[in-house]
There are 2 protein chains.
Amino acid sequence: MQSGHIEVTSLGREVYRRVRSMITTGQLRPGGPLTLRSIADELGVSTTPVREAFRLLQADGLVQYGRRSVTVTSLSVHEVESLFQIRLRLEQLAAQWAIDKITSADVADIEDLLDQLDASVQDQERWRILNQDFHRRFYDCADSVHLLEYIEKVWSSVEPYMAIYASSMENFHAANVEHRQMFEAIRARDLEALLVLTAHHLEVTAAQVVSQLLREPSDS
Amino acid sequence: MQSGHIEVTSLGREVYRRVRSMITTGQLRPGGPLTLRSIADELGVSTTPVREAFRLLQADGLVQYGRRSVTVTSLSVHEVESLFQIRLRLEQLAAQWAIDKITSADVADIEDLLDQLDASVQDQERWRILNQDFHRRFYDCADSVHLLEYIEKVWSSVEPYMAIYASSMENFHAANVEHRQMFEAIRARDLEALLVLTAHHLEVTAAQVVSQLLREPSDS
DNA sequence: CGTTGTTGTTTGTGATCACAGACTACAGAC
DNA sequence: GTCTGTAGTCTGTGATCACAAACAACAACG
């Protein structure tokens, strides 16, 4: 148990969270090899819970099984673009549902998150988390665990590539402006405007990610 | 090994397919309990591959983990309706992509499937498979493994409840008529018409499933 | 020098064992 | 009669061992 303690719930679930986090934060790069032993040793557990975690990650599409090797899933440009399109449709559906059900308390919460987001352009990791919270908090209002689950699944698929995107601070400012516009549409209950803004927001993000992806040849 | 042989690939994957099939065909009812031992004994394997299969099924949302028990996921009416909406958005996206890329060979294949579908209104199980093939064959043309994967995930979530729907032969005939209309739109490359027909098709199906669901109180 | 056969190591897979937590049921006390 | 405490069993979890397939390195042969 050198790297860190693992305590409650189930080891398998904890390993899942850890490895998933390593992948989505870019700590484990797409295409990189994974072995049961290395993860098990790093986390100080046996290989059994690691295997369970890998199965979950496999179903999430975050890892790929080869004949005898497990690797972090690597996406082509075409796949990333597809995933952003899928994400757009799902988020538009969530926006549609959420805008009908959202309360003023929800609006206040979201505005608070937005303020924090503005204040966090300096802190990469914090901004990333808050960005997630902002979107999640709004889509939570759609009141569909399944839709949220699907959105988060797509999200985590492209997240490893977002880490690259998130390295530039200019992107943060641009995104914050767009977030603020989206928020105004939410507050005004203007679904049409929100759908357009969401589409725009994702297009811009996708374009950034893809351009970064083209710059450094993927290791797949 | 009383029930059947398990041979190639990996036991875990095979168990996954078997249990998944049992769930989606309605052989294992929503809400029903699952135990590692019972499945392991039934398939003549140890519990290890069953655990891996359960993890996959968990990520698919087909089984739920309780404190100490595993059960087949049971959906509320609201959840079923949500899932059909999600499915609609995804299938509309797939239709949009597919209609641009579909070739005349694809069209011929699909028409063939449609003919077989017409001839299979008597055979419940065969019709179910062909229905899947029909939709899948078209959405394959969208050329996005991810989108197809998501569609199939939603599909398998609601499939246990489709088994009930599929018990009535009238539904088959109505569905076949709708399939034929959708096919004509595909052949004519008429996206707008196809989107409307798809929406209608899913609405009708959803309504049938929900009405059946309301009739017999779910055992969750 | 290139190719092929062989050996040794690595790695995922499946089975088995030990364990802890939770549900069941039976028995005793009020 | 009802409630409660306790023993027993069931079930998922984690660790460990045995195994087979595949990749890598090296040596032998053409």
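A, B, ... follow the sequence lines: proteins, then strands. Residue 1 opens every chain.
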Notebook entry, point to check: Between dT13(C) atom P and Glu14(B) atom CD, what is the distance in whole Å?
Noted result: 15 Å
Check: Given Gln132(B) and Glu152(B), is the side chain to side chain donor-acceptor pair (under 3.5 Å) satisfied, shown in steps?
Finding: CA-CA 9 Å; Gln132(B) 271 187 10; Glu152(B) 293 192 343; over 6 Å; no
Notebook entry, point to check: DNA chain D: Arg67(A) or Gly12(A), which has the more 5' nearest nucleotide?
Noted result: Gly12(A)
Note to self: Show me the pairs that pass salt bridge (Lys or Arg N to Asp or Glu O under 4.0 Å) and involve residues 204-213 of chain A, at least two apart or across chains.
What the structure shows: none
Checklist line | Backbone of Val154(A) reached by a side-chain donor or acceptor of Tyr150(B) within 3.5 Å | finding: yes
Show me, pair by pair, the donor-acceptor contacts under 3.5 angstrom made by side chains of residues 93-101 of chain A, not counting sequence neighbours?
| residue | atom | partner | partner atom | Å |
| --- | --- | --- | --- | --- |
| Gln96(A) | OE1 | Arg89(B) | NH2 | 3.0 |
| Lys101(A) | NZ | Ala142(A) | O | 3.3 |

Next item on the list: Respond yes when some side-chain nitrogen or oxygen of Thr48(A) is under 4.0 Å from OP1 or OP2 of dT16(D), and no when none is.
Entry: no
Item checked: DNA chain C: 5'-proximal contact among Thr47(B) and Arg68(B) (nearest heavy atom) -> Thr47(B)
Checklist line | Whole-Å distance separating the OH atom of Tyr65(B) from the P atom of dA22(C) | finding: 17 Å
Next item on the list: Specify the separation, in whole Å, of atom CG of Leu36(A) and atom C1' of dT16(D).
Entry: 14 Å
Check: For the residue pair His78(B) and His146(A), is the inter-centroid distance of their aromatic rings smaller than 6.0 Å?
Finding: no
Item checked: salt_bridge(Arg37(A), Glu42(A)) N-O dist < 4.0 Å -> no
Check: Looking at dA15(D), dG12(C), dG14(C), which one has an atom nearest to any side-chain atom of Ser46(B)?
Finding: dG14(C)
Next item on the list: For DNA chain D, find the residues of residues 50-58 of chain A with a heavy-atom distance under 4.0 Å and give them by number; none if there aren't any.
Entry: none
Check: Within the structure shown, what part of the strands sits under 4.0 Å from Thr35(A) by heavy-atom distance: base, sugar-phosphate, or nothing?
Finding: sugar-phosphate
Next item on the list: Grab the CG-C1' distance between Asp41(B) and dG12(D) for me, whole Å please.
Entry: 15 Å
